[in-house]
Structure formats: structure tokens, C-alpha cells
Amino acid sequence: QVQLVESGGGVVQTGGSLRLSCAGSGRTFSGYVMGWFRQAPGKERELVAAIRLSGLYTYYEDSVKGRFTISGDTAKNTVYLQMNSLKPEDTAVYYCAADPAVLRVGREPAYWGQGTQVTVSS
């Protein structure tokens, strides 16, 4: 059974940091694109960041550039999202996702994680 298991969400004050982890199991994700979507109440889902574990591709949504860093560990089938300088508008449920081709809003990825809540208090 293929699974994506997330960890690292929580509550932090404005300006603080959190690190999300997403560990894949049940298959190798070395050639996959892995990343995070987020969805806040009443808002559309958006793709925050993505990386191809084999390298040569990363993506960041404009509002997180310079604050968030995505990285991957092929040996561990794991992707990380380091989130710095957090703002209240970053509050959302963050969902890990993986796909052999691409991660894009409006396209269902091959695999989803269960979601982890990130809350940034002002």
C-alpha cells in the first residue's frame, strides 16, 4: 500500500518557523515530483512548492519565495518544507502530494497525504 505520511505541523507565532516532512512508503519516489498544496477555509487550494526528487526541478508559489525551502532525500523517500518568516496568511491545512509527471492545481496527483494543520498566530 502506497502512503504519504506527513509530520511537523503546529501553531507558531508570526515570524516563526516550522518544518514539514512527508515520508513516502510502498514504492520508490525517486523519479516523482513531490510537494505541498495548502488550503485555507473558504479559499482555493494552491500549490505551495514542489520538487522532483531526482533533481533539476523546483517550484515555489510567489507568496512563499524567499521564505520557504523545499528539499528532498531520495534514499529516505522523503520531502521537507522549511517554512521561515511565517505569516498569518500561511495558515492552512498543508497536504503532501506526489505524481510521476507534475503537480498542478486542478490536476489530481497520484498520491495524497492526510494533511497537517499549520496555524500562524498574529
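Nothing here was measured: the structure is a model prediction, and the numbers come from that model. Counting from 1, the numbers follow the sequence of the chain as shown.
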Going by heavy atoms in the side chains, are Thr78 and Leu53 under 4.5 Å from each other?
no
Hydrophobic cluster membership, Val120 vs Val93, 4.5 Å side-chain cutoff:
no
Would you say Asn84 and Ser17 are linked by a side-chain donor-acceptor pair, where the criterion is simply a distance under 3.5 Å?
yes
Asp99 side chain near Arg107 side chain, heavy-atom distance below 4.5 Å:
yes
Give a yes/no verdict on a cation-pi contact between Arg52 and Tyr32, requiring under 6.0 Å between NZ or CZ and the six-membered ring centre and an angle within 45° of the axis.
no
Could you check Glu46 against Arg38 for side chain to side chain contact (heavy atoms under 4.5 Å, CB included), going step by step and ending with a plain yes or no?
CA-CA 6 Å; Glu46 60 181 354; Arg38 68 185 179 187; 2.6 Å; yes
Specify the closest pair of heavy atoms between Met83 and Leu20, including all atoms of both residues, with the distance to one decimal.
CE-CG, 3.8 Å
Taking Asp62 first and then Lys65, would you say they form a salt bridge - that is, a charged N and a carboxylate O separated by under 4.0 Å?
yes
Is there a side-chain contact between Phe37 and Leu103 in this structure, where contact means two heavy atoms from C-beta onward sitting under 4.5 Å apart?
yes
Just checking Arg104: does its CZ atom have more than 12 heavy atoms from other residues, nucleotides or ligands closer to it than 6.0 angstrom?
no
Ala98 to Pro109 - nearest heavy-atom pair and separation:
O-CB, 3.7 Å
Heavy-atom nearest pair, Glu61 first then Leu47, reads CB-O, 3.3 Å
Do Leu86 and Leu18 have side chains that get closer than 4.5 Å, going by heavy atoms?
yes
Do Tyr80 and Ile70 have side chains that get closer than 4.5 Å, going by heavy atoms?
no
Shared hydrophobic cluster, Tyr57 / Val105 (ILVMFWY, side-chain heavy atoms < 4.5 Å)
yes
Crowded around Gln13 CD? As in, over 12 foreign heavy atoms under 6.0 Å?
no
Looking only at heavy atoms, the pair that brings Ser122 and Pro88 closest together is CB-CG, 3.9 Å
Spacing of CG belonging to Asp90 relative to OG1 belonging to Thr119, to within rounding of 0.5 Å:
11.0 Å
Quick one: are Tyr111 and Gln3 in side-chain contact, heavy atoms under 4.5 Å?
no
Run the ring-centre check on Trp36 versus Phe68 and record whether the distance is less than 6.0 Å.
no
Roughly how far apart are Ser21 OG and Gln82 CD, rounded to 0.5 Å?
9.5 Å
Look at the side chain of Arg67 and the backbone N and O of Ser85, then say whether any donor-acceptor pair between them is shorter than 3.5 Å.
yes
Can Tyr94 be reached from Ile51 by stepping across I, L, V, M, F, W or Y side chains whose heavy atoms are under 4.5 Å apart?
yes
Please determine whether residues Trp112 and Val102 belong to a single hydrophobic cluster, defined as Ile, Leu, Val, Met, Phe, Trp and Tyr linked transitively by side-chain heavy-atom distances below 4.5 Å.
no
Side chain to side chain contact (heavy atoms under 4.5 Å, CB included) test vs Cys22 passes for just one of Thr116, Val79, Asn77, Leu81, namely Val79
Between Val64 and Val48, is any pair of side-chain heavy atoms under 4.5 Å apart?
yes
Keeping the roles fixed (side chain from Glu6, backbone from Gly115), state whether a donor-acceptor pair exists under 3.5 Å.
yes
Where Thr91 and Gln117 come nearest, the two heavy atoms and their spacing:
CG2-NE2, 4.0 Å
Are the side chain of Ser30 and the backbone of Thr74 linked by a donor-acceptor contact shorter than 3.5 Å?
no
Do the side chains of Tyr60 and Thr69 get nearer than 4.5 Å, heavy atoms only?
yes
Hey, could you give me the OG/NZ distance between Ser63 and Lys87, rounded to the nearest 0.5 Å?
7.5 Å
Could you tell me which non-hydrogen atom of Gly113 sits nearest to which non-hydrogen atom of Tyr95, and how far apart they are?
O-CD2, 4.0 Å
